[in-house]
Amino acid sequence: MIKLETNRLILREWQSKDIEDLVEGLNNIEVSRWLAYIPCPYTERDAKEWISFCISNAENDKRKSYQFAIELKDVNKVIGGTSLDNINAIQGTAGGGIWINEKYHGQGFGMEAFNKRIDFAFNNLKLRRLDNGFFEGNKSSSKMQEKLGYKIEGKRRKGFLCLADGQHKDEIITGLLKEEWLKKEN
């Protein structure tokens with residue numbers, strides 16, 4: 001089982017005990033409206049299906065993704081999630097995203113967790129590039145990605161149907177090269 005740590009957080013694989021925290025964090029339109037595949041309301045059944053998928057994926061020897069629960073160390077509470085998806089070892093690339101329970105916004109947890117995820121991608125998985133994005137208007141995600149060295153590379157017009165609010169949303173496409181991230185780290 002993979003476990004990544006920062007000063008305040010543990011990034012670990014999802015477990016059955018996380019269902020309540022998962023529902024609490026995602027059953028909120030202020031969070032889910034920025035995510036493509038999260039319905040609102042987000043139910044216990046949704047959480048159980050997600051965790052079952054994550055547990056099954058973690059057992060795959062040739063996995064193409066990692067999904068991490070973001071746990072706040074001092075209270076042992078899951079406050080969000082982050083992922084690395086579509087890992088292409090030949091090209092050295094991956095995508096993924098992050099969400100944080102609204103109760104924990106504005107405290108730097110997203111930045112801390114996403115930076116650790118980037119470190120894992122570049123230093124453990126030996127990737128060279130990360131592809132990401134955010135829905136147009138998501139200022140928090142835009143600001144965080146910019147601080148971490150991501151560059152805006154384009155716009156995918158009406159690229160996603162957001163399951164939470166039923167709207168087609170524009171995605172601002174971003175990318176991060178390992179050397180750009182290393183410059184930000186030093």
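Hydrophobic clustering, with ILVMFWY side chains joined whenever heavy atoms are under 4.5 angstrom apart, keeps Ile70 apart from Ile10. Transitive grouping of hydrophobic side chains (ILVMFWY, heavy atoms separated by less than 4.5 Å) keeps Phe114 and Trp14 in distinct clusters. Cluster membership for Leu4 and Leu130, using ILVMFWY side-chain heavy atoms within less than 4.5 angstrom, is shared. Tracing side-chain contacts under 4.5 Å through hydrophobic residues (I, L, V, M, F, W, Y), one never reaches Leu22 starting from Tyr37; they form parts of separate clusters. Ile173 and Phe135 fall into different hydrophobic clusters, where Ile, Leu, Val, Met, Phe, Trp and Tyr residues are linked whenever their side-chain heavy atoms come under 4.5 Å apart, directly or through other members.
For Gln167, the side-chain contact (heavy atoms from CB on, under 4.5 Å) criterion is met by Asp165, Lys169, not counting sequence neighbours. Among residues two or more places apart in sequence or in another chain, the ring pair (Phe, Tyr, Trp, His ring centres under 6.0 Å) test is passed with Phe134 by none. Evaluation of the side-chain contact (heavy atoms from CB on, under 4.5 Å) rule for Glu136 yields Lys155, Asp170, Ile172 as partners, not counting sequence neighbours. In this view, Asn60 and Lys62, Arg63 satisfy the side-chain contact (heavy atoms from CB on, under 4.5 Å) rule, not counting sequence neighbours. Residues passing the ring pair (Phe, Tyr, Trp, His ring centres under 6.0 Å) test with Phe53, sequence neighbours excluded: Trp50. For Ser83, the side-chain contact (heavy atoms from CB on, under 4.5 Å) partners at least two apart in sequence or on another chain are Gln67, Asp85.
Here Leu177 is tied to no hydrophobic group at all, with no ILVMFWY side chain closer than 4.5 Å.
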Intermediate values then yes/no, side chain to side chain contact (heavy atoms under 4.5 Å, CB included), Asn123 and Lys178: CA-CA 9 Å; Asn123 292 321; Lys178 183 176 182 179; 3.9 Å; yes
Worked verdict on Glu153 versus Arg129 for salt bridge (charged side-chain N to carboxylate O under 4.0 Å, His left out): CA-CA 13 Å; Glu153 298 180 340; Arg129 175 188 164 84; 2.6 Å; yes
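How far CD1 of Ile87 is from OH of Tyr66: 5.5 Å, rounded to the nearest 0.5 Å. With values rounded to the nearest 0.5 angstrom, Leu84 atom CG is found 9.0 Å from Ile118 atom CD1. Note that CD1 of Ile2 and CG of Asn124 are 8.0 Å apart. Values are rounded to the nearest 0.5 Å. Here the CD-CD1 distance, from Gln107 to Ile79, works out to 7.5 Å after rounding to the nearest 0.5 Å.
Annotation: salt bridge (charged side-chain N to carboxylate O under 4.0 Å, His left out) contacts involving residues 117-127, sequence neighbours excluded, comprise Lys116-Asp119. Sorted by first and then second residue, the salt bridge (charged side-chain N to carboxylate O under 4.0 Å, His left out) pairs with a member in residues 32-42 read Glu30-Arg33; sequence neighbours excluded. Among residue pairs with one or both ends in residues 67-88, those qualifying as ring pair (Phe, Tyr, Trp, His ring centres under 6.0 Å) are Phe68-Phe120; sequence neighbours excluded.
Across every non-hydrogen atom of Pro39 and Ser32, the tightest pair is O-CB, 4.5 Å. Across all non-hydrogen atoms, the minimal contact from Pro41 to Asn27 is CA-OD1, 3.2 Å. In terms of heavy-atom proximity, Ser16 sits nearest to Ile55 at OG-CD1, 4.1 Å. Smallest separation of non-hydrogen atoms from Ala47 and Val23: CB-CG2, 3.7 Å.
At most 12 heavy atoms of other shown residues, nucleotides or ligands fall within 6.0 angstrom of atom CD in Glu44. Within a 6.0 Å sphere centred on CD of Glu5, other residues, nucleotides and ligands contribute more than 12 heavy atoms.
Counting heavy atoms from C-beta outward, Leu26 and Asp46 have side chains that stay 4.5 Å or more apart. Contact of the Met1 side chain with the Gln15 side chain is registered, since non-hydrogen atoms from C-beta on lie closer than 4.5 Å.
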When the side chains of residues 144-152 are checked against the rest of the protein, which donor-acceptor pairs come out under 3.5 Å, sequence neighbours left out?
unit_1	atom_1	unit_2	atom_2	d
Gln145	OE1	Thr174	OG1	2.5
Gln145	NE2	Gly133	O	3.2
Gln145	NE2	Ser141	OG	3.1
Tyr150	OH	Asn132	OD1	2.7

May I have the list of side-chain donor-acceptor pairs in residues 92-102 shorter than 3.5 Å, sequence neighbours left out?
unit_1	atom_1	unit_2	atom_2	d
Asn101	OD1	Lys103	N	2.9
Asn101	ND2	Glu24	OE2	3.0
Glu102	OE1	Asn28	ND2	2.7

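Of the residues Arg157, Lys158, Arg156, the one that meets the salt bridge (Lys or Arg N to Asp or Glu O under 4.0 Å) test with Glu171 is Arg156.
The closest donor-acceptor contact from the side chain of Asp18 to the backbone of Ile51 lies at 3.5 Å or more, if one exists at all. Formation of a donor-acceptor pair under 3.5 Å by the Arg128 side chain with backbone atoms of Gln91 is found in this model. Between the side chain of Glu13 and the main chain of Cys54, no donor-acceptor pair closer than 3.5 Å is present.
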